[in-house]
Amino acid sequence: MLDPKWVREHPDDVIEAGRKKHMPCEEALEGFLAADRELRALLPEVEGLRSEQKNAAKTIGRASAAEREALLERQKEIKARIQDLGRREKELKERREACLLRLPNPPAQDVPEGVDDRDNVEIRRVGEPRVFDFEPKDHVRICEDLDLADFPRAAEIAGTRNYFLKGDLVLLEEAVLRFALDHMCAKGFRPLTVPLLVRDFAMVGTAYFPGGEEQAYRCEKDSLNLIGTGEVPVTAFHAGEILDRGNLPIRYVTRSVCFRREAGTYGKDTKGFYRVHQFQKVEQVIVDIGDPDRSLAHHESITRNSEELLQALELPYRVVNVCGGDLGQPQVQKFDIETWMPSREGYGETHSASRFHDFQARRLRLRYRGEDGKPRFCHTLNNTVVASPRILIALLENHQQEDGSVRVPEALRPYFGKDRLGLPPSRGSASGG
RNA sequence: GGAGGGAUGGCAGAGAGGCCGAAUGCGCCGGAUUUGAAAUCCGGUUUGCCGCGAGGCAACGGGGGUUCGAAUCCCUCUCCCUCCGCCA
């Protein structure tokens with residue numbers, strides 16, 4: 001949410017934000033300004049009447065029976081008038097708020113112009129995509145050959161975009177998730193487990209609602225939503241609080257299951273692990289004081305944190321500066337990390353590092369006390385540390401061997417216990433039989 | 001799932017239709033006293049909105065209602081506690 005005072009004074013900047021993000025917002029802006037204007041014209045009158053009512057109410061308490069009659073007469077008039085104006089006031093406040101929730105956060109200066117992910121600008125590229133001296137398989141084939149996953153049965157039981165992991169791949173997933181969690185804990189991030197079902201306010205507060213309802217699974221009976229990312233409960237964790245400045249920045253890392261309906265993506269990435277309804281994610285979240293420079297520094301550090309992880313996993317990747325049109329409503333800027341996936345003959349998005357300034361914090365009423373003692377809104381940021389099974393695509397495909405096995409990178413071996421994934425003994429010849 | 005009790009400022013806790021944005025204690029901030037500290041004393045200490053300002057309005061878990069007037073009465077939702085039932 002934007003600062004209503006700022007919007008009032010900078011309507012052109014809001015329009016510009018909508019233009020750059022390819023997110024038209026003229027209507028919402030007009031709605032906001034109109035409601036705001038009328039509301040502020042209305043306030044002096046209602047408040048004046050309330051003031052009169054309040055004072056008279058005090059007088060009546062002490063008045064004699066005779067005086068009381070006359071006063072009551074006038075009071076009834078005021079009451080009716082206040083009820084009328086009060087209804088209008090409430091209506092306007094609701095409309096103003098609803099419009100305000102839809103206005104986009106202005107992107108940073110150095111967010112590139114563009115309409116979609118094709119216009120994202122590469123910032124750096126790390127690691128060389130491997131040149132295979134044999135015909136590499138895609139991860140679906142690798143899973144079939146090594147009996148590491150089951151897609152048909154998953155589709156039967158849960159619908160498309162679902163999967164079973166089997167055997168060593170289950171353990172590899174556990175290994176990479178735990179490795180990611182440890183990696184972040186070592187940097188001072190505090191681990192948190194979270195509720196996977198959350199109330200609407202958490203979805204609204206993190207700016208997934210309104211607008212993203214179609215992407216979320218909803219449990220209507222209980223008015224709860226399955227989270228699409230651990231960011232939601234973690235960022236909402238301190239909602240409504242005024243944090244002690246001395247405790248900031250707060251750094252959290254969470255591992256959670258995430259759910260996405262993937263509505264409107266039919267026919268896109270239908271095979272394998274790339275786009276699924278349910279996955280696991282280790283996520284880093286930072287809450288700090290409202291200082292754009294510090295936010296920017298955090299943004300860079302949370303991006304590096306994830307890059308370090310990919311380097312430890314020996315995976316080639318690149319970092320892109322996400323363009324305006326590919327940015328969501330709440331972000332000031334987003335750096336995506338894309339990991340090399342041989343079957344795609346390209347880089348696929350595995351991480352998304354966002355900074356929001358106070359956009360989420362305002363919605364969540366997440367504040368801290370400034371040096372002058374006044375409450376101020378925090379800044380929030382987050383980034384993926386690792387998301388599975390998407391990361392498994394990169395691990396399986398990049399580290400596959402000519403003999404059909406898959407090498408496990410050094411960093412994961414203490415967690416996985418072996419140096420490669422091979423055929424299960426009952427089926428394979430690789431382990432000799 | 002059933003029955004009952006509760007939700008008040010950073011915390012504890014009074015208030016039970018008007019004199020209550022709210023006693024008191026603790027905590028915190030400032031000052032006095034002190035060589036320094038403790039103790040003691042004095043003062044301050046919720047948030048949001050409107051307004052250039054003076055000032056005004058709103059908020060006692062959320063929403064709705066009764067009333068000239070609601071922290072206080074009624075309805076409803078949420079949360080917490082106790083008891084019963086069920087259960088990983």
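Here is the naming used below: chain letters follow the sequence lines, and residue numbers restart at 1 for every chain. Quantities reported herein were computed from a predicted structural model and do not represent experimental measurements. Below, all heavy atoms of this structure are taken into account, side chains as well, without hydrogens, waters or symmetry copies.
The side chain of Lys93(A) places no N or O atom within less than 4.0 Å of a non-bridging phosphate oxygen (OP1 or OP2) of A58(B). Distances shorter than 4.0 Å separate none of the side-chain N or O atoms of Arg365(A) from OP1 or OP2 on U47(B).
For G5(B) and C60(B), the P atoms lie 23 Å apart once the distance is rounded to whole Å. Spacing between G44(B) and C49(B) at atom P, rounded to whole Å, works out to 26 Å. Spacing of C1' atoms, G2(B) relative to C57(B), comes out at 45 Å, to the nearest Å. Taking atom C1' on both C11(B) and U46(B), the two are 13 Å apart, rounded to the nearest angstrom.
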In the 5'-to-3' direction, what one-character label does each nucleotide of nucleotides 61-68 of chain B receive under the scheme B = base within less than 4.0 Å of a protein heavy atom, S = sugar-phosphate only, - = no such atom?
---S--BB

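For Arg199(A), the side-chain atoms get nearest to U78(B) when compared with the rest of C50(B), U78(B), U47(B). In this structure, the nucleotide among C50(B), U47(B), A58(B) sitting nearest to the side chain of Arg50(A) is A58(B). Out of C49(B), U47(B), C57(B), the shortest distance to the side chain of Ser51(A) is found at C57(B).
Judged by Watson-Crick or G-U wobble contacts below 3.5 Å, the nucleotide U45(B) has G27(B) as its partner. Remark: U82(B) base-pairs with A3(B). Criterion, Watson-Crick or G-U wobble with two distances under 3.5 Å. In this structure, G36(B) forms no base pair with any nucleotide, since neither Watson-Crick nor G-U wobble geometry is met with both distances under 3.5 Å.
The pair Arg88(A)-Glu38(A) counts as a salt bridge, with a side-chain nitrogen and a carboxylate oxygen less than 4.0 angstrom apart. We find that Arg218(A) and Asp200(A) are joined by a salt bridge, their nearest charged nitrogen and carboxylate oxygen being less than 4.0 Å apart.
Here the closest non-hydrogen pair linking Leu2(A) and Pro106(A) is CD2-CD, 3.7 Å.
Under a cutoff of 6.0 Å and an axis angle of 45°, Arg153(A) and Phe164(A) do not form a cation-pi pair.
Of all the residues in residues 30-48 of chain A, Arg40(A), Leu43(A), Glu47(A) reach under 4.0 Å from RNA chain B with at least one non-hydrogen atom.
Within 4.0 Å (heavy atoms only), Arg369(A) reaches sugar-phosphate atoms of the nucleic acid but no base atom. Within 4.0 Å (heavy atoms only), Lys374(A) reaches no atom of the nucleic acid at all.
Remark: the His357(A) side chain and the Asn105(A) side chain contain no N/O donor-acceptor pair separated by less than 3.5 Å.
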